[in-house]
Amino acid sequence: MSAREKYWLKVWDEKHAFEPDPVAGKKKVFVTFPFPYMNAAVHVGTAFTASHLEFYSRFKRLQGFNVLFPWAWHWTGQPIVGMSKRLREGDPVVRRTFIELDHVPEKEVAKFVEPEYLASYYTKQSRQVMKETGFSIDWRREFRTIDPAFRKFVEWQYFHLRDLGYVVQGTHPVVWCPFDKSPTGDHDRMEGEGVSPAEFNLIKFHLGEFALVAATLRPETIYGATNVWVNPDADYTEARVDGELWVVSSTSLSRLSEQKHDVVPVREFKGSELLGRYAIAPLTGKSLPILPGKFVDPSLATGVVYSVPAHAPYDLMALRDIQEGRVQVGRQVKEIADEIAPVPILTLPGYSKVPADDVVRKLNIKDSMDPNLEAATQGLYSAEFHKGVLTQASGPLAGLTVAEAKDKSLVLMAKTERLSKMFELPEKVVCRCGTRCYVKILENQWFLNYSNPEWKAKARLIIDRAAMFPEEARQMFYSTIEWLNDWPCARRSGMGTRLPWDKDWLVETLSDSTIYMAYYCISKFVNMEKIGPDNLTSDVLDYVLLGKGNPASIAKAAKTTERVLRDLRTEFTYWYPVDLRNSGKDLIPNHLTFFAFHHAALFPEKYWPLGFGINGMITIEGKRMSKTKGNFVSWEDAKKKYGADAFRLALALTADGMDDADWRDRAAMDAKEKVESLMPFVRKTLRSASNREENELDSWLISTVNGRIVAATAAMEELRMRRASATIFLDIWNDLRHYLRRAEKPRRQTLTEVFSAWVRMISPFTPFMAEDLNHELGGKGLICQADWPSPRDFPVDEEAVLGEAVLGKVIEDARNVLRVVKGKRSRLNVYVSSDSARSYFFEMASAKRKKENVGAVVKKYAQLKIQPDRVFKLAFEIGDDRLTKLLAHRGFNEFKALSGASGFMSAELGIPVVVQKAGSKTINDPANRAKDALPTKPAFYLE
RNA sequence: GCGGGGGUCGCCCAGCCUGGUCAACGGCGCGAGGCUUAGGACCUCGUCCCUCAGGGGUUCGUGGGUUCGAAUCCCACCCCCCGCACCA
């Protein structure tokens with residue numbers, strides 16, 4: 001960190017510049033960021049998202065608002081604990097992450113076996129780097145989500161949600177790790193990402209007094225069943241399940257019992273024992289032989305399936321394996337199998353009667369072990385589902401589509417009690433701990449009832465009313481609200497707050513972070529030790545957050561003072577609602593929408609959030625950021641490498657709206673150079689300035705700055721930081737360059753005015769440099785407490801703007817001519833249009849505009865010999881806006897503007913330029929070109 | 001599959017809502033010149049094709065359409081990215 005940075009940090013700190021308290025009558029802005037999770041230090045992605053709030057905060061402060069930008073740290077949940085645990089178990093990958101990627105000293109890593117130490121280390125480091133980057137955060141309100149006082153706040157929230165009926169209990173299938181004794185989410189899996197429980201139909205085939213229970217996802221194919229498959233090598237069990245006698249694979253018993261089936265095993269035997277026996281199918285009543293199928297996985301559902309060779313490639317190939325002797329079976333079984341022919345049950349356009357045969361041929365599949373069978377199955381199932389129609393062979397299902405037949409077959413089988421259900425994972429899932437997962441039905445789980453239509457409606461209302469930056473994000477919120485179902489809001493493990501009425505459960509991490517912005521109003525008092533966790537009773541929080549109850553008696557009961565309670569209430573009612581919450585777009589489908597839901601549930605409308613800012617995700621040099629791939633830039637690395645100001649500016653210039661931001665070293669280095677050269681540029685410019693009268697060029701610069709202020713202000717208001725910072729750093733800089741090139745002598749007064757505005761405009765982005773520059777320019781006080789420039793102080797002089805625009809166009813045209821015309825040239829004559837040509841043009845243009853007949857005008861100026869279509873063409877080229885301005889400023893003296901710049905033109909074009917006015921008597925016009933001149937379009941003659 | 005966002009002149013990207021001032025902003029890269037002992041930085045000009053008077057031609061994923069006029073509006077299609085839940 002540089003000495004200057006240290007100095008200004010100290011000054012801001014001493015002045016308490018970013019520690020706002022309620023000020024009655026002063027308008028406020030309350031901005032928040034979704035706290036970062038502390039299993040790692042903050043990175044450039046965090047910085048990018050947070051920087052929007054930082055720039056916005058500083059901007060709003062300059063606009064005179066009382067701005068609160070607080071910060072906190074998320075410790076709740078599984079990953080911190082998980083990393084600690086893996087470290088304790090000696091996992092080398094975790095250790096390497098800490099040491100090589102996060103640069104944590106060995107000595108510290110040793111202590112990371114304690115999860116809270118791990119989190120506190122990263123918290124400390126993150127806080128430090130954020131401070132050094134100059135983030136204007138009120139650190140007095142900082143907290144962690146496991147702080148005792150915060151826990152009281154979460155408990156309060158959950159009591160209320162339960163009372164309101166938004167927390168409900170339910171039963172639900174989950175992917176379960178028997179070792180961790182916990183649901184295994186996508187991110188916790190070694191294998192099987194994206195796999196979720198599917199509901200299998202269990203179809204009972206009568207086998208004497210038993211039911212041989214086959215599992216299927218395609219019950220509508222029952223009429224095409226030709227046999228039943230069991231794995232001859234696997235163990236099967238006769239068991240009493242829910243009071244019935246079932247035959248299923250032995251391994252399925254434990255899973256059935258996890259799914260609330262009542263299971264009592266009776267006798268275990270090998271699958272081969274079943275071969276050659278017959279089982280009676282439901283609906284069809286057909287007696288089907290039981291055949292050996294090695295492809296049958298005993299650990300998938302019941303380990304029994306029925307065979308539909310006409311429509312299932314696996315079944316077809318398994319059957320042929322036996323028929324064609326590729327699989328050795330007993331003679332009796334072989335004879336049975338030889339008798340079996342596929343039974344088609346549906347028609348599929350573009351396929352033969354036996355579609356399974358078509359696909360098998362097409363993919364050149366040889367036997368039932370062929371790896372292409374999976375793809376064949378997928379393809380055929382999907383085709384049949386969308387285009388298949390059941391035939392007469394399917395009896396009552398005839399004429400139905402597959403989807404319809406599926407439903408009807410299930411209804412029919414349920415009627416005859418030949419149907420049961422079981423959840424199963426369609427693919428293998430392995431937990432990070434290495435244990436194979438299965439489906440468990442969890443009972444009495446706690447859910448947030450997001451499916452509740454009234455709650456949804458209220459959440460939608462928040463989105464309807466809130467400001468949204470960018471606007472496109474709004475639709476994503478609406479879709480999320482529609483799609484959101486009940487959310488399990490409690491877990492068994494990790495850090496966090498216990499459900500106050502059911503201490504076996506911890507409030508899940510996303511669910512404890514929905515209204516915590518309100519807690520920033522309380523944490524200030526907790527950190528100042530004006531109130532402690534023990535004082536934060538339900539009644540106290542009811543009073544502070546909802547205004548309920550009598551503060552005097554509540555204070556007494558809670559062993560605190562009425563004064564403190566009233567201050568807390570004032571704090572809350574002053575800052576709330578949240579004016580702006582900014583985050584990456586990845587949080588829309590969960591956190592941000594939860595945030596809306598919970599505010600809708602707990603607070604009156606006047607405290608509902610008012611604004612959402614959404615930005616894209618960050619990539620590094622065009623690639624997704626990933627620690628394991630080494631494609632990772634920490635906040636600290638970036639800040640150290642480029643310096644605080646340049647890092648901030650680079651963040652601002654990266655992206656706008658929901659576009660993904662690409663972090664490039666090259667661009668950041670560029671920003672660094674800009675930042676470093678700004679001060680020398682200002683110094684040099686001022687040294688070259690003199691005191692003189694204001695001229696047209698000064699008016700032009702002032703007018704231009706007016707437009708820049710308007711544009712930058714609008715962009716800041718909409719959180720378009722790239723546009724704002726580009727206007728401020730690139731456009732204004734270019735304007736100044738143009739001014740300096742044009743001006744023979746830059747005017748000190750003009751420059752001072754522009755620099756004064758400029759330094760304030762750059763300050764949200766590069767606050768350290770802005771303070772330095774302000775100091776350099778002799779500004780008093782702190783720039784972070786100055787006023788945002790007003791366009792009113794930079795009046796627009798339309799004629800000066802016109803003059804500069806015409807000059808630019810003339811130079812461009814002249815360059816074109818000079819480029820194209822070869823040969824000797826000694827000077828360029830520029831003929832500004834005559835007064836009569838001018839009048840002609842204006843009269844024509846306004847007549848056309850008023851849709852009047854132009855004939856009279858043409859006649860009136862006939863002696864000028866200017867073709868009317870030239871006039872229209874020029875009017876068209878000039879464009880509506882500028883034409884309006886020209887018509888409004890007929891006094892604009894084009895000759896004066898251009899002749900005043902003849903020296904400049906000569907220098908720019910590298911050839912002497914002589915500006916003359918057409919129609920004057922002394923004009924030098926050997927080629928008779930002057931008559932062609934029109935307003936803003938002078939004629940040229942190259943000598 | 002569902003939902004959202006995109007495809008622009010070598011690269012990154014602005015413009016699209018509110019059609020014409022768009023051969024299309026800005027940055028990078030590249031070329032020329034200036035400045036400099038030199039390099040870097042900085043400044044200027046150029047960077048789709050053609051053009052000896054400010055002009056012309058062909059462009060904004062593909063194919064249609066609306067319009068006097070489309071990168072911008074409508075339709076269809078192709079391609080890319082992101083999210084899809086018991087988890088931060």
Side-chain angles (χ1 to χ4, degrees), chain A residues 34-40 74 76-80 172-176 182-188 194 196 382 386 442 445-448 450 470-473 475-480 482-491 494 508-511 513 584-591 616-617 619 622 624 653-660 662 664 666-667 670 673 676-677 680-681 684 722-723 726-727 730-731 734 737 740-741 805 809-810 812-823 828 875-883 907-910 927 929 937-942:
Chain A
F35 40 36
Y37 190 68
M38 281 297 105
N39 65 337
H74 204 192
T76 318
Q78 198 72 252
I80 291 172
H172 214 74
V174 297
V175 180
W176 184 261
S182 148
T184 309
D186 249 6
H187 302 279
D188 294 330
S196 51
S382 144
H386 290 109
L442 270 187
Q445 253 201 124
W446 294 100
F447 289 88
L448 284 162
Y450 292 139
E471 193 54 47
E472 296 98 278
Q475 193 48 50
M476 292 175 77
F477 278 96
Y478 288 131
S479 316
T480 302
E482 290 318 305
W483 160 85
L484 209 55
N485 220 321
D486 288 356
W487 179 267
C489 63
R491 286 182 68 92
E508 180 271 333
T509 69
L510 290 179
S511 307
S513 309
K585 61 183 170 193
D586 54 328
L587 292 191
I588 295 178
N590 41 64
H591 167 74
M617 307 308 290
T619 56
R624 235 192 133 104
L653 286 168
T654 314
D656 253 358
M658 280 200 291
D659 294 341
D660 286 344
D662 191 23
R664 281 169 193 258
R666 167 105 224 172
D670 237 50
E673 263 159 22
E676 283 167 0
S677 59
F681 169 77
K684 197 179 119 207
R722 178 190 172 126
R723 179 168 290 195
T727 300
L730 309 180
D731 293 342
N734 277 333
R737 278 195 198 107
L740 294 171
R741 236 151 73 82
K809 185 69 186 150
V810 167
E812 194 189 315
D813 280 352
R815 278 210 175 101
N816 216 338
V817 171
L818 287 168
R819 187 166 49 243
V820 169
V821 179
K822 309 242 158 67
L828 178 68
F876 174 74
E877 273 171 12
I878 288 171
D880 246 17
D881 281 4
R882 184 155 292 156
L883 190 59
E908 287 289 299
L909 297 168
R929 284 264 162 71
K937 191 80 178 174
F940 294 148
Y941 177 61
L942 196 55

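Quick note: numbers below take in every heavy atom, side chains included, and nothing from hydrogens, waters or symmetry partners. Proteins come first, then strands; the chains are lettered A, B, ... in the order of their sequence lines, and each starts at number 1.
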Using purine N1 to pyrimidine N3 plus N6-O4 or O6-N4 for Watson-Crick, or N1-O2 and O6-N3 for G-U wobble, each under 3.5 Å, what pairs with [N]?
{"N": "B:rA70", "answer": "none"}
{"N": "B:rC48", "answer": "B:rG57"}
{"N": "B:rG40", "answer": "none"}
{"N": "B:rC84", "answer": "B:rG1"}
{"N": "B:rG10", "answer": "B:rC28"}

### Query
Does a distance-only test, which skips hydrogens and angles, find a donor-acceptor pair under 3.5 Å between the side chain of A:Asn590 and the base of B:rA88?
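Answer is yes: a donor-acceptor pair is held.
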### Query
With no angle test and no hydrogens, is the base of B:rG54 tied to the side chain of A:Asn816 by a donor-acceptor pair under 3.5 Å?
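Between B:rG54 and A:Asn816, which were checked side chain against base, a qualifying N/O pair under 3.5 Å is absent.
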Between [atom2] on [N] and [atom1] on [X], what's the gap in Å once rounded to a whole number?
{"X": "A:Glu812", "N": "B:rC25", "atom1": "CD", "atom2": "P", "result": "11 Å"}
{"X": "A:Tyr450", "N": "B:rC86", "atom1": "OH", "atom2": "P", "result": "15 Å"}
{"X": "A:Phe477", "N": "B:rG3", "atom1": "CZ", "atom2": "C1'", "result": "14 Å"}
{"X": "A:Arg624", "N": "B:rC82", "atom1": "CZ", "atom2": "C1'", "result": "7 Å"}
{"X": "A:Asp670", "N": "B:rC11", "atom1": "CG", "atom2": "P", "result": "20 Å"}
{"X": "A:Glu508", "N": "B:rC87", "atom1": "CD", "atom2": "C1'", "result": "7 Å"}
{"X": "A:Gln475", "N": "B:rG3", "atom1": "CD", "atom2": "C1'", "result": "9 Å"}
{"X": "A:Met476", "N": "B:rC84", "atom1": "CE", "atom2": "C1'", "result": "11 Å"}

Which is true for [X] with a 4.0 Å heavy-atom rule: it touches a base, it touches only sugar-phosphate, or it touches nothing?
{"X": "A:Pro470", "result": "nothing"}
{"X": "A:Thr184", "result": "sugar-phosphate"}
{"X": "A:Ala927", "result": "nothing"}
{"X": "A:Leu942", "result": "base"}
{"X": "A:Glu482", "result": "nothing"}

For the side chain of [X], starting at C-beta, report the closest nucleotide among [options].
{"X": "A:Val817", "options": "B:rG54, B:rC45, B:rA88", "answer": "B:rG54"}
{"X": "A:Asn485", "options": "B:rA14, B:rA88, B:rA85", "answer": "B:rA85"}
{"X": "A:Arg815", "options": "B:rG26, B:rC45, B:rC86", "answer": "B:rC45"}
{"X": "A:Arg723", "options": "B:rG83, B:rA14, B:rC86", "answer": "B:rA14"}
{"X": "A:Arg722", "options": "B:rC13, B:rA14, B:rA53", "answer": "B:rC13"}
{"X": "A:Asp659", "options": "B:rC12, B:rA14, B:rG6", "answer": "B:rA14"}
{"X": "A:Trp483", "options": "B:rA85, B:rA88, B:rG54", "answer": "B:rA85"}
{"X": "A:Pro589", "options": "B:rG83, B:rG54, B:rA88", "answer": "B:rG83"}
{"X": "A:Glu673", "options": "B:rC42, B:rC87, B:rA53", "answer": "B:rC42"}
{"X": "A:Arg929", "options": "B:rA53, B:rG6, B:rG54", "answer": "B:rA53"}

### Query
Should A:Asp813 and A:Lys937 count as side-chain neighbours, where that means a heavy-atom distance under 4.5 Å?
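Yes, close enough: below the 4.5 Å cut-off.
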### Pairwise side-chain contact, A:Leu510 with A:Glu508, heavy-atom cut-off 4.5 Å (strictly under)
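The answer is yes, as the side chains (C-beta and beyond) meet within the 4.5 Å cut-off.
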Expressed in whole Å, how much space separates the [atom1] atoms belonging to [N] and [M]?
{"N": "B:rU59", "M": "B:rC9", "atom1": "C1'", "answer": "8 Å"}
{"N": "B:rG4", "M": "B:rC11", "atom1": "C1'", "answer": "27 Å"}
{"N": "B:rU8", "M": "B:rG46", "atom1": "P", "answer": "25 Å"}
{"N": "B:rU58", "M": "B:rA53", "atom1": "C1'", "answer": "23 Å"}
{"N": "B:rG83", "M": "B:rA32", "atom1": "C1'", "answer": "50 Å"}
{"N": "B:rC52", "M": "B:rG39", "atom1": "P", "answer": "35 Å"}
{"N": "B:rG55", "M": "B:rU21", "atom1": "P", "answer": "14 Å"}
{"N": "B:rC22", "M": "B:rC16", "atom1": "C1'", "answer": "12 Å"}

### Query
If you look at every heavy atom in A:Thr509 and A:Gly77, which pair is closest and at what distance?
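Result for this residue pair: CG2-CA, 2.9 Å.
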### Message
Tell me the closest heavy-atom pair linking A:Trp483 and A:Pro589, and the distance in Å.
### Response
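Scanning both residues, the minimum pair turns out to be CZ3-O, 3.9 Å.
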Indicate yes or no for a side-chain donor-acceptor contact from [X] to the backbone of [Y] under 3.5 Å, with no hydrogens or angles considered.
{"X": "A:Asn39", "Y": "A:Pro79", "result": "no"}
{"X": "A:Lys585", "Y": "A:Met658", "result": "yes"}
{"X": "A:Asp660", "Y": "A:Met617", "result": "yes"}

### Query
Is any side-chain N or O of A:Arg819 closer than 4.0 Å to OP1 or OP2 of B:rG54?
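No, no such contact exists.
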### Query
Does a nitrogen or oxygen in the side chain of A:Arg666 sit under 4.0 Å from OP1 or OP2 of B:rG29?
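Result: yes.
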### Query
Should the ring pair A:Tyr37 and A:His74 be called parallel, tilted or perpendicular, given that the plane angle runs from 0 to 90° and is split at 30 and 60?
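Perpendicular, since the angle between the ring planes exceeds 60°.
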